[in-house]
Structure formats: C-alpha cells, structure tokens
Q: 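Okay, handing you the structure first.
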Amino acid sequence: MCLWCLCCVPGVVHGPVDPAESVCDMGWGRVCVFVKRLGKRADSRTLSLAHCDLTATDVLELATLLPSLSLLEEMDLSWNELIGGCLRSLTSHLQNVGGLRTLRLSCCRLTADDITSLGEALRCVPVLEVLDLSWNAGIGGSALQGIVGKLHPTLRELYLVACQLTETDATILGGIVSVLPRLCVLDVSCNPLLAHTQTEAEDGSMSKTEPGKGGVWGLGGLVPSLSHTPSLTTLRLHDCGLTTQSLSLLGGSFNCLRSLCQLDLSCNKGVAGGLSLLSPHLALLSHLGGLDLHLCCLTHTDLQAIIQALPSLTELTELDLSSNKEVGGVVSDLVSALPLSQIKLLPLNGCSLNQESLSALALAMPYLRCIDVSWSKMVGGHLALLLEALQPSVTQELRLSSCDLTTDDLLHLAVVCKRGVLSSLRVLDLSYNGGVGEEGWCGLLGEGGLGSLEELDLSLRPLTSNPSPLTWLPTLLSAFPHLPALTRLSLQRWTLTAQEREQVNHALRKRKVLLELDPVPFASSANQEGLEEERCEE
C-alpha cells in the first residue's frame, strides 16, 4: 500500500503533518494510480510503460507527474505509437527528472518536431547514459539534427535501429558521436540507405548511384568520427547497405577502436568480394569477442581472408558465418584456425555442408554452447558423427531444422540424452524433418535427460500436403512430467483430433507453456465450404 493510501486508513494515528510531505505523498499517490491503471507497478527509480497504448492525453498526465518522480533513473515508453507528434508536452518537464540515466522511445512514431523538443530537453539530463530511438522512421531525413550538440559526454549507448537513416544522416550522426568519448554501444542496424552513394547530376541535383562509382559516399561522414569514441565496445551495422569500399574505410578506423568487442556486419550482400580490404585490420581488434558476417554472400576468397585473420583474434568466442553457401567448402580450414577451446558460438546453418565439413565441425562440438546446422541435408544419416563429439552440460541450443533427419538419427539423439550429455539443453529444434518415423519420436521423448529444456519445436513443413497423425502422442504426454522447464512446444502441421487436443491442453493446464498448433481442422474446412457456396451463389 502506498503512503498516500495509508494516510486514508481509519484508525491510524498520525502526528503533525508537514505540508511539503503531504504534497509529496499525494503526488506519489497519483503516480501509483496512473501506473496501476496501465497495468504496471509503481517504482520510484524505474518507469516502464512499454506496450501500454499510451495516448497524447496520457503523455500530458505523465508530464504533470514527473515532479513526483525526482529519483527516476530509467524511463521506457517504447512501442506506444500514439504518442508520436506530442512528445514536447513531456520533454518540457524533463528537468524534473534530471537524474535520468536511461530513456527508451523506440517505435513511438516520433516526428522531426519530437526529436527537436527532445534535443532541447536533453540539456537538463546531464547523466543520461542510454538513449534508444529505434524503429522511428520519422527520424530519417535529417531529423537527427535536432540532437546535435545536445547529448552530454556521459552517454554510453545509442540505438537508432530501423530509422530510415540516409547518407545525409550518417554525416549528422558523425557529428553526434564525435563528442561522445564514453560511447560503448552504437547500433544503427536495419538502415539500408545509410551507406548509399550520391552523385551530382548536371542540373545540380543529387541522385543515387551504384556503390563505388564516385560521389559523396555515405559512411564517409560517420566512420572517421569513430576515432573520437575510444571506449566503443559494440558496433552494429547489420543491413546498412555496406559495400566493399565501406569495409576499406571501416578497417582504417580500427586503429582507434582498440576496445571493440562485438562487430556486426551481417546482411550486407554488397561486401561480397571485399573482405580482403577488412581482414588485415582485424588484428588491431585484440579484444574482439564476436564477429557476425552472416548472409553476406561471402566468396571463397572472402572466407580465406577471414581464416588468415583468425589466429590474431585470440579472444574470439563467437563467429557467425551462417547463410553463406561457400562456407561448406572451408569448414576444415576454419576450424583449424579458430581457438577452439574458447569458441562458444559457430552457427553454420544454410552453409551447404558436406561430409568433410561435418567431420571437421565435430572437432569444435565439445566446446560449442549453441549448435546450428539447420538447412543442411547432409546432416541426415550422419548426425551421430556430431553427437558423439558432445561433452556433458555444455550445449544449450541444438538446432537441426530441415536436415533430412532419419529415425536412426533421432535414436542416436535419444541415446545421447539418456547419458545426460544434453542435461543443460534449453532449445531443441527438430522442425521440418518429416522423414523421422514414429519409433524415432518415441525413442527421443521416452528416454528423458532433457530436464532443462525450455523450447521444443517438432513442426513439419508449412507446405506438407498431407499432415501426419500424431501417433506418438501417448509418449509425448508421458514425457511432459520429465520436461519441467518447458515454456514452448510447437507441433504445427501434425494432425490432432479434438480429443487429442484436449489431452494436450489438459496435460499442460497448470503450466505456462506456449502451445503452437494448426487451427482446428473443421474450422478451415467450414471456411472453405463457405467460400465455395458463395462462388456458387455468384
């Protein structure tokens, strides 16, 4: 019970009340009422109102409550799209929470005026350390200018994911980070226009050109400014339209980024063929622990360049080269160059693995926390080769989606589970493996050894023409008591009768398990019949 409510309890004897304290208690009481109405709990230091469907009226009311939240350190208003365009009513009162350290406003449909008003208010928040403005498309197109020179040197994390930033914004962002010497995290992922190039036409207008063919190059306005952020530990440029020239410029900045621990350049297909421009500089990143280059269309030459650089990355624990088909042909060289005893994450899903690749990967299996070889047909019939290399209580995730697994593969997996090797496993993805027979599913679910499992996906392919009956349901139901940590179970495209559905729901009735099943068959059939009747009537 809050103090404001306590004052109203009959029979409670109170001494003389200080008017200032009374006003303070009433103010906190209003905060409690406001937050409770939104389904949240009041906290004097943390205000989390994400996903609350806040309106402009709510924002205005919140602004009047800020004087009663003078101890506030963290405010999260993310995923409230209705507050876009009215942020000024809140920011004009931010001086009342001058001790704010974290401010999150992602996905709020912020406008240029919102950013301007935020910039004006940030002068009153001298200790702000985290600012998240992600998923606000209205920021792209120079709106960032509103916070240039307004952020204090205390800022440590800046998130601008999916803000439709352009090459012009890259230059503005360069001006912002150049005065943030303590910046540790910079995430500008999902801004595919950030590294685009412009050229000047004869009429003086600017137009897009292919990367590398002259013009004012986007990242040229941002990367040089990173020399002023010596504390940067995480740089994420996922899906930013990077090119081979981007890699050259980025590599040249590594001399000033000696603290970098995480580098994400994934989903930038334009870098294909240019890793040799980056790899010689990787040795400067002596603290690099994670490198993400998945889905970059890497060539064999690119991969050889990376492999040559790996021995110098002595602190590397995570390397993501997944969804690059050429990787399958260099797994042996890759594993030989890695510091295997410390590698925890090496996903190779979608890498066209062959039998030689699997033999080489087996050398790394004892150390990997997360194993992902999904979408590799060669795994089917050869899973034992990987499973026998596992060490007890190491693996936490095992993803084998769409691997053409056989019944024997699952029986091998069952034996490994029975030995307790996968006692720490939290995620098991066996989806899209329709070739496994009933004996395989029963063998796996009946052996136990998965006491820590939280997520289990046994779904079939979405395009399965004849969904299979769940003949091994009794074994599944018997396995539930031995899966105490389970929070998600996916059985999509398996056919269950109404009675079987009821059995599954009954078995999980007292547990918070997300059960993913296809819609009830008769519902879809009824809809189809209705559509056919409508066609006949027409």
Q: Applying salt bridge (charged side-chain N to carboxylate O under 4.0 Å, His left out), name anything that partners Asp187, two or more places apart in sequence or on another chain.
A: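 Expected list: Arg236.
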Q: Is a side-chain donor or acceptor of Asn191 paired with a backbone partner of Leu160 at a separation under 3.5 angstrom?
A: yes
Q: Would you call Asp58-Arg37 a salt bridge at under 4.0 Å N-O?
A: yes
Q: Hey, does the side chain of Thr317 reach the backbone of Gln342 with a donor-acceptor pair shorter than 3.5 angstrom?
A: no
Q: Please check if the number of heavy atoms outside Arg369 that lie under 6.0 Å from its CZ is greater than 12.
A: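 More than 12 within 6.0 Å, yes.
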Q: Is the number of heavy atoms from other residues, nucleotides or ligands under 6.0 Å of Lys325 NZ greater than 12?
A: no
Q: When you compare the side chains of Ser48 and Arg41, does any donor N or O come within less than 3.5 Å of an acceptor on the partner?
A: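 On atom types as modelled, these side chains do not qualify, holding no pair under 3.5 Å.
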Q: Show your reasoning for whether side-chain contact (heavy atoms from CB on, under 4.5 Å) applies to Gln262 and Asp292.
A: CA-CA 8 Å; Gln262 297 289 328; Asp292 192 343; over 6 Å; no
Q: Under 3.5 Å, side chain of Asp518 to main-chain N/O of Arg493, donor-acceptor pair present?
A: yes
Q: Is the CD atom of Glu356 crowded by more than 12 outside heavy atoms at less than 6.0 Å?
A: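 It does not: Glu356 CD has 12 such atoms or fewer within range.
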Q: Would the distance check show the side chain of Asn136 and the main-chain N or O of Leu105 forming a donor-acceptor pair, the cut-off being under 3.5 Å?
A: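 Yes.
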Q: Have Asp457 and Ser459 got a donor and an acceptor in their side chains that come within less than 3.5 Å?
A: yes
Q: Take atom CZ of Arg509 as the centre, draw a 6.0 Å sphere, and report whether it contains more than 12 heavy atoms from other residues, nucleotides or ligands.
A: yes
Q: When you measure from the side chain of Thr102 to the backbone N and O of Val130, does any donor-acceptor pair fall under 3.5 Å?
A: no
Q: Side chains of Leu303 and Leu321, heavy atoms from C-beta outward: is any pair under 4.5 Å?
A: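 They are in contact (side-chain heavy atoms under 4.5 Å apart), so the answer is yes.
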Q: Hey, what do you get for CG (Leu383) to CG (Leu358), rounding to the nearest 0.5 Å?
A: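 That separation rounds to 9.0 Å.
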Q: For the pair Glu454 and Thr487, evaluate side-chain hydrogen bond (donor to acceptor under 3.5 Å, both in side chains) and give the outcome as yes or no after the intermediate values.
A: CA-CA 5 Å; Glu454 298 175 3; Thr487 58; 5.0 Å; no
Q: Are any of the side-chain heavy atoms of Ser189 and Asp239 separated by less than 4.5 Å?
A: no
Q: For a side-chain contact (heavy atoms from CB on, under 4.5 Å) check, start with the C-alpha distance between Leu110 and Leu133, then their side-chain angles and the critical distance, and finish with the verdict.
A: CA-CA 9 Å; Leu110 300 184; Leu133 301 175; 4.1 Å; yes
Q: Within a radius of less than 6.0 Å around NZ of Lys418, do more than 12 heavy atoms belonging to other residues, nucleotides or ligands occur?
A: no
Q: With side-chain hydrogen bond (donor to acceptor under 3.5 Å, both in side chains) as the criterion, how do Ser323 and His294 come out once you've worked through the C-alpha distance, each side chain's angles and the decisive distance to 0.1 Å?
A: CA-CA 6 Å; Ser323 299; His294 80 265; over 6 Å; no
Q: Do side-chain atoms of Asp429 reach the backbone of Leu400 as a donor and acceptor pair under 3.5 angstrom?
A: no
Q: Applying side-chain hydrogen bond (donor to acceptor under 3.5 Å, both in side chains) to Ser336 and Asp333, what does each step give before you reach the verdict?
A: CA-CA 5 Å; Ser336 298; Asp333 293 339; 5.5 Å; no
Q: Mind checking whether Leu49 and Lys40 have side chains closer than 4.5 Å, heavy atoms only?
A: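 Yes. Closest side-chain heavy atoms under 4.5 Å.
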Q: Side chains of Leu66 and Leu90: closer than 4.5 Å at any heavy-atom pair?
A: yes
Q: Using side-chain contact (heavy atoms from CB on, under 4.5 Å), reason through Leu158 and Val185 one step at a time and then give a plain yes or no.
A: CA-CA 6 Å; Leu158 179 59; Val185 178; over 6 Å; no
Q: May I have the step-by-step check of side-chain hydrogen bond (donor to acceptor under 3.5 Å, both in side chains) for Arg104 and Ser134, ending in yes or no?
A: CA-CA 9 Å; Arg104 301 187 186 278; Ser134 300; over 6 Å; no
Q: With side chains defined as the heavy atoms from C-beta onward, is the minimum distance between Ser266 and Leu295 less than 4.5 Å?
A: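 No, side chains not in contact.
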Q: Other residues, nucleotides and ligands only: do more than 12 of their heavy atoms fall within 6.0 Å of CG on Asn354?
A: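 It does: Asn354 CG has more than 12 such atoms within range.
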Q: For Ser374 and Ser402, which I'm curious about, is there any donor-acceptor pair between the side chains at under 3.5 Å?
A: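 No, no side-chain donor-acceptor contact under 3.5 Å.
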Q: Quick one: CG on Leu444 to CG on Leu413, what's the gap to the nearest 0.5 Å?
A: 5.0 Å
Q: Would Leu428 and Leu453 count as a side-chain contact (heavy atoms from CB on, under 4.5 Å) if you check the C-alpha gap in whole Å, the side-chain angles of each, and the deciding distance to 0.1 Å?
A: CA-CA 7 Å; Leu428 178 58; Leu453 195 65; 3.8 Å; yes
Q: For Glu447, is there an ion pair with Arg419 - N to carboxylate O distance below 4.0 angstrom?
A: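 The answer is no: the pair does not qualify as a salt bridge.
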Q: Using 0.5 Å steps for rounding, measure from the CG atom of Leu313 to the CG atom of Leu338.
A: 9.5 Å
Q: Atom CD of residue position Glu439 - does it have more than 12 heavy atoms of other residues, nucleotides or ligands inside 6.0 Å?
A: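 No, CD of Glu439 has 12 or fewer neighbouring heavy atoms, counting only those of other groups under 6.0 Å.
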Q: Any side-chain to backbone donor/acceptor pair from Thr395 onto Gln391? Under 3.5 Å, distance only.
A: no
Q: Judged by atom type as modelled, is there a donor-acceptor pair below 3.5 Å linking the side chain of Glu388 to the main-chain atoms of Leu385?
A: no
Q: Got more than 12 heavy atoms from elsewhere within 6.0 Å of NZ, Lys269?
A: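 No, not enclosed.
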Q: Does Arg399 have any salt bridge (charged side-chain N to carboxylate O under 4.0 Å, His left out) partners at least two apart in sequence or in another chain, and if so, which?
A: Glu397
Q: With a 3.5 Å distance limit and no angle check, can you tell me whether Asp264 reaches the backbone of Leu237 through a side-chain donor-acceptor pair?
A: no
Q: May I ask you to decide if Leu298's main-chain N or O and Asn324's side chain share a donor-acceptor pair within less than 3.5 Å?
A: yes
Q: Angle class for the Trp135/Trp79 ring planes (parallel below 30°, perpendicular above 60°, tilted otherwise)?
A: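 Judged by the thresholds at 30° and 60°, the geometry between Trp135 and Trp79 is tilted.
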Q: Please report the interatomic distance OG(Ser478) to CG(Leu476), rounded to the nearest 0.5 Å.
A: 8.5 Å
Q: Answer yes if the side chains of Ser490 and Glu516 hold a donor-acceptor pair under 3.5 Å, and no otherwise.
A: yes
